[in-house]
Visitor: 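After the structure tokens below, expect a handful of questions from me.
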Amino acid sequence: MTDQAGFALRGRNPDVLTCIANLSNDEVFTPPEFANRMLDTLAEAWAADNGGANIWADKTVKFLDPFTKSGVFLREITSRLTKGLEDQIPNLQKRVDHILTKQVFGIAITQLTSLLARRSLYCSKHANGKHSIAKGFANDAGNIWFERLEHTWVDGKCKYCGASQETFDRGEDLETHAYAFIHTDDIKTRMAELFGGDMQFDVIIGNPPYQLDDGGFGKSAAPIYHQFVEQAKALEPRCLSMVIPARWFAGGKGLDEFRASMLADDRLRSIDDFLSASDVFPGVGLKGGVCYFLWDRDNRGPCRVSTHFKDWPVSVESRPLLEEGVDVFIRFNEGLSILKKVVDTEHKQQHSSTAAQQHSSTAAYPIAA
């Protein structure tokens, strides 16, 4: 991991984003160190795809966090671009303005997180305020969008996210949690409405809401993170990376189609699997662990699966997500050799049984001379 990927200590003050508490179990803030780990993976994949090119030295690349909370991904991307574009745009203010107005975009999930994300990115909750490091915006929001949306109720459920009308049809003093990124029939039109023009994002990255807290708990709560993944794919970015619960590997409420689609997608080029969610999100109880993936639109092939647990050695294997003759994901790399031995043994037994049957048939009915 690069020096830039560590916790940023300015003087004797710790990074404020390492100190804030999560809003809820389904809206978890991403630690800066982990966000940088995901950005390192992105940069490695980009370099491999583009002849060793440095993504942070490309002033044309557009980034989107479509469910920003603390703004950590946008902040760390901006920090890397500010350093990477130094030779191309020597003037610091012009460089920062270019990055913040042309390259970095976000959609906040609540009013509170919109203010927090702007404070992290622009150093001011007003993008055009006197304390903002950006000088090119004419509005408060800058490139971090948020407006309160309402659910679309059909027979007591939201037609987009499945939220319960009984739980979420409430007054204006409470958040609706009708997330803009998934409450639309046409995501490309929605992006044009939010940011103008024919907006094509090269990279979509972040940590989406995981579930709807509508009275369910744990495994019984309705997951929604897969809807964000599917919408992001529909925007056809060059690279997509998200950190999501690992429960989709084997089960989960309403995840069968999503799991089948992901496992059959050979553009999924890497998965970093953390068996204990607390290794990523301290204090968060999320059974089944979490993972982050890198989806690469223009490069197909096997997936690099890395398994992490505490301080154990990381297990890494490049392999298909679905082995021949198997319709489930083998989570542990070590399990592959066992599976292959079992399959090989079964094939040998079948071959031996077939050969014995043929020999017996020939002995019982000899061919006439």
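Along the sequence shown, residues carry numbers from 1.
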Visitor: Which residue pairs satisfy the salt bridge (Lys or Arg N to Asp or Glu O under 4.0 Å) criterion with at least one member in residues 292-301, sequence neighbours excluded?
Guide: Asp266-Arg300

Visitor: With no hydrogens and no angle check, is any side-chain donor or acceptor of Asp202 less than 3.5 Å from a backbone partner on Pro237?
Guide: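 The answer is no, because no donor-acceptor pair under 3.5 Å joins these two groups.
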
Visitor: Could you work out, with side-chain contact (heavy atoms from CB on, under 4.5 Å) as the rule, every residue matching Asp173, not counting sequence neighbours?
Guide: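 Asp173: no side-chain contact (heavy atoms from CB on, under 4.5 Å) contacts found.
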
Visitor: Do you see a donor-acceptor pair shorter than 3.5 Å between the side chains of Asp272 and His308?
Guide: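 A donor-acceptor contact under 3.5 Å links the two side chains.
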
Visitor: Under a 3.5 Å distance rule, please check whether Gln231 uses its side chain to pair with a backbone N or O of Phe181 as donor and acceptor.
Guide: yes

Visitor: Looking at Ala141, is its backbone amide N or carbonyl O close enough to the side chain of Arg118 to form a donor-acceptor pair, meaning the two atoms are under 3.5 Å apart?
Guide: yes

Visitor: Under 4.0 Å between a Lys/Arg side-chain N and an Asp/Glu carboxylate O for Arg238 and Glu236?
Guide: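 Salt bridge between Arg238 and Glu236, a charged N being under 4.0 Å from a carboxylate O: no.
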
Visitor: Considering only residues two or more places apart or on different chains, which pairs with a residue in residues 120-138 satisfy salt bridge (Lys or Arg N to Asp or Glu O under 4.0 Å)?
Guide: none

Visitor: Would you call Arg75 and Asp65 a salt bridge, using N to O less than 4.0 angstrom?
Guide: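 No salt bridge links Arg75 with Asp65.
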
Visitor: Please collect all salt bridge (Lys or Arg N to Asp or Glu O under 4.0 Å) contacts where either partner lies in residues 221-235, sequence neighbours excluded, each pair once.
Guide: Lys233-Asp265

Visitor: Holding to salt bridge (Lys or Arg N to Asp or Glu O under 4.0 Å), I want the full list of residues that pass it with Glu86, two or more places apart in sequence or in another chain.
Guide: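 If we apply the salt bridge (Lys or Arg N to Asp or Glu O under 4.0 Å) test to Glu86, skipping adjacent residues, there are no hits.
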
Visitor: Sequence neighbours excluded, which residues qualify as salt bridge (Lys or Arg N to Asp or Glu O under 4.0 Å) partners of Asp97?
Guide: none

Visitor: Would you check if there is a donor-acceptor pair between the side chains of Thr30 and Asn207 at a distance under 3.5 Å?
Guide: yes

Visitor: Could you list the residues that satisfy side-chain contact (heavy atoms from CB on, under 4.5 Å) with Asp186, not counting sequence neighbours?
Guide: Lys188, Thr189

Visitor: Who passes salt bridge (Lys or Arg N to Asp or Glu O under 4.0 Å) against Arg269, sequence neighbours left out?
Guide: none

Visitor: Going by the rule salt bridge (Lys or Arg N to Asp or Glu O under 4.0 Å), which residues pair with Glu193 if we only count those two or more places apart in sequence or in a different chain?
Guide: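 For Glu193, the residues satisfying salt bridge (Lys or Arg N to Asp or Glu O under 4.0 Å) (neighbours in sequence not counted) are Arg190.
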
Visitor: Does Trp145 share a hydrophobic cluster with Leu64, counting links as ILVMFWY side-chain heavy atoms below 4.5 Å and allowing steps through other members?
Guide: yes

Visitor: Taking all heavy atoms of Ala127 and all of Ser132, pick out the closest pair and write down the distance.
Guide: O-OG, 2.7 Å

Visitor: Using links of under 4.5 Å between side-chain heavy atoms of ILVMFWY residues, direct or through other members, which residues join Phe309 in one cluster?
Guide: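 Listed partners: Leu275, Trp312, Phe332.
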
Visitor: Under the ring pair (Phe, Tyr, Trp, His ring centres under 6.0 Å) definition, can you give me all pairs with a residue in residues 65-109, not counting sequence neighbours?
Guide: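 Sorted result for residues 65-109: Phe67-Phe228, Phe105-Phe195, Phe105-Phe201.
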
Visitor: Dump the intermediate steps for ring-ring contact (aromatic ring centres under 6.0 Å, His included) on Phe274 and Phe34, then the final yes or no.
Guide: CA-CA 12 Å; Phe274 296 81; Phe34 191 78; 5.4 Å; yes

Visitor: Taking side-chain contact (heavy atoms from CB on, under 4.5 Å) as the test, write out the residues that go with Ile133, two or more places apart.
Guide: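 Checked Ile133 against side-chain contact (heavy atoms from CB on, under 4.5 Å); matches are Val96, Leu100, Cys123.
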
